[in-house]
Amino acid sequence: MPATAVEPDGLAAVEAAILRACRDARRERSSVTLVAVSKTFDADAIAPLIAAGQRVFGENRVQEAQRKWPALMAAHPGIALHLIGPLQSNKAKEAVALFDAIHSVDRPSICEALRKEIERQDRQPDLFVQINTGEEPQKAGVAPSEADDFIARCRDTYGLTIAGLMCIPPMDDAPAPHFALTAKIARRNGLTQLSMGMSADFSIAIALGATHVRVGSAIFGTR
Ligand SMILES: *Cc1c(COP(=O)(O)O)cnc(C)c1O
């Protein structure tokens, strides 16, 4: 399948690369969900992807998603929207109403806010606990050493069903050890879903077990 670095059709190139990574890892293509990260891009840029069959999209801001997506979702049934950016407790109501998955659960106040809204709205988005694998102070997420306790607290104290884990490796690090660490924490906590891998490293993430790759610029172009 022709797919080069200058492939103008970003989605097709990413699809081809995902397929290759799945073959190399002896995994089914269906075991990896492509989350097309559409942050900063408007409906005009998103519409062709929907027309090409893409159905899962990621946004990092609740308000931006609220502006862009209700109309698109009304026009195109079957779209799933994932929140991949930080969530504030005071946006939990809007987030539970709009998103089918939230990849950034990382503190008790968010757990409490989500618990309340999941109950009130009777909606159950898939929840991912974000792990700050590089222990970067400026980055969201739970420290690896605190992950087991936090996951247990999500379940026992807040009654949340956790689907899996998410990580964003530090910019300047090789990503593989961060993906491997996230996969290891997931395994020992009985979690099967792994949100990891972006434009630069999704093939590596698939080799290390990613079930959700969050790909923006390789599909949409530079932001
Ligand atoms: C923007 C973003 C992505 C996509 O990044 P690209 O490098 O453009 O693929 C993935 N995950 C998160 C959390 C993001 O904020």
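Only heavy atoms go into these numbers, but all of them, side chains included; no hydrogens, no water, no symmetry mates. Computed from a prediction, not measured in an experiment: that's the story for all the values here. First listed ligand is number 1; within each ligand, the first listed atom is number 1.
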**Asked** Just which atoms of ligand 1 are under 4.0 Å from any heavy atom in V215?
**Response**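 Numbered from 1, ligand 1 contributes 9 (O).
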
**Asked** What atoms in ligand 1 come closer than 4.0 Å to a heavy atom of I168?
**Response**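 Answer for ligand 1: 13 (C).
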
**Request:** Could you tell me whether H103 approaches ligand 1 through its side chain, its backbone, both or neither, with non-hydrogen atoms closer than 4.0 Å?
**Result:**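 It is neither; nothing of H103 touches ligand 1.
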
[atom] - nearest protein heavy atom and its distance:
atom	answer
atom 11 (N) of ligand 1	R214 NE, 2.9 Å
atom 5 (O) of ligand 1	M198 CE, 3.5 Å
atom 1 (C) of ligand 1	K39 NZ, 1.4 Å
atom 12 (C) of ligand 1	I84 CD1, 3.5 Å
atom 6 (P) of ligand 1	S199 OG, 3.4 Å

Charged N-O contact under 4.0 Å between [X] and [Y]:
X	Y	result
R123	E117	no
K68	D42	no
E94	K91	no

Taking only distance into account, with no hydrogens and no angle test, what donor-acceptor pairs under 3.5 Å do side-chain atoms of residues 194-209 form with protein atoms, sequence neighbours excluded?
unit_1: S195; atom_1: OG; unit_2: H103; atom_2: ND1; d: 2.7
unit_1: S195; atom_1: OG; unit_2: R214; atom_2: NH1; d: 2.9
unit_1: S199; atom_1: OG; unit_2: S217; atom_2: N; d: 3.4
unit_1: S199; atom_1: OG; unit_2: S217; atom_2: OG; d: 3.3
unit_1: S199; atom_1: OG; unit_2: A218; atom_2: N; d: 2.9
unit_1: D201; atom_1: OD1; unit_2: M198; atom_2: N; d: 2.6

**Message:** Any nitrogen or oxygen of G216 lying under 3.5 Å from a nitrogen or oxygen in ligand 1? Just yes or no.
**Reply:**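 G216 vs ligand 1: N/O contact under 3.5 Å present.
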
**Asked** So, F128 versus H82, ring centres under 6.0 angstrom or not?
**Response**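 No - the distance between ring centres of F128 and H82 does not fall below the 6.0 Å cut-off.
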
**Prompt:** Do the side-chain N and O atoms of T161 and Q124 include a donor-acceptor pair separated by under 3.5 angstrom?
**Reply:**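 On atom types as modelled, these side chains do not qualify, holding no pair under 3.5 Å.
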
**Message:** Suppose we screen for side-chain contact (heavy atoms from CB on, under 4.5 Å). Which residues come up paired with R61, at least two apart in sequence or across chains?
**Reply:**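 For R61, the residues satisfying side-chain contact (heavy atoms from CB on, under 4.5 Å) (neighbours in sequence not counted) are E64.
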
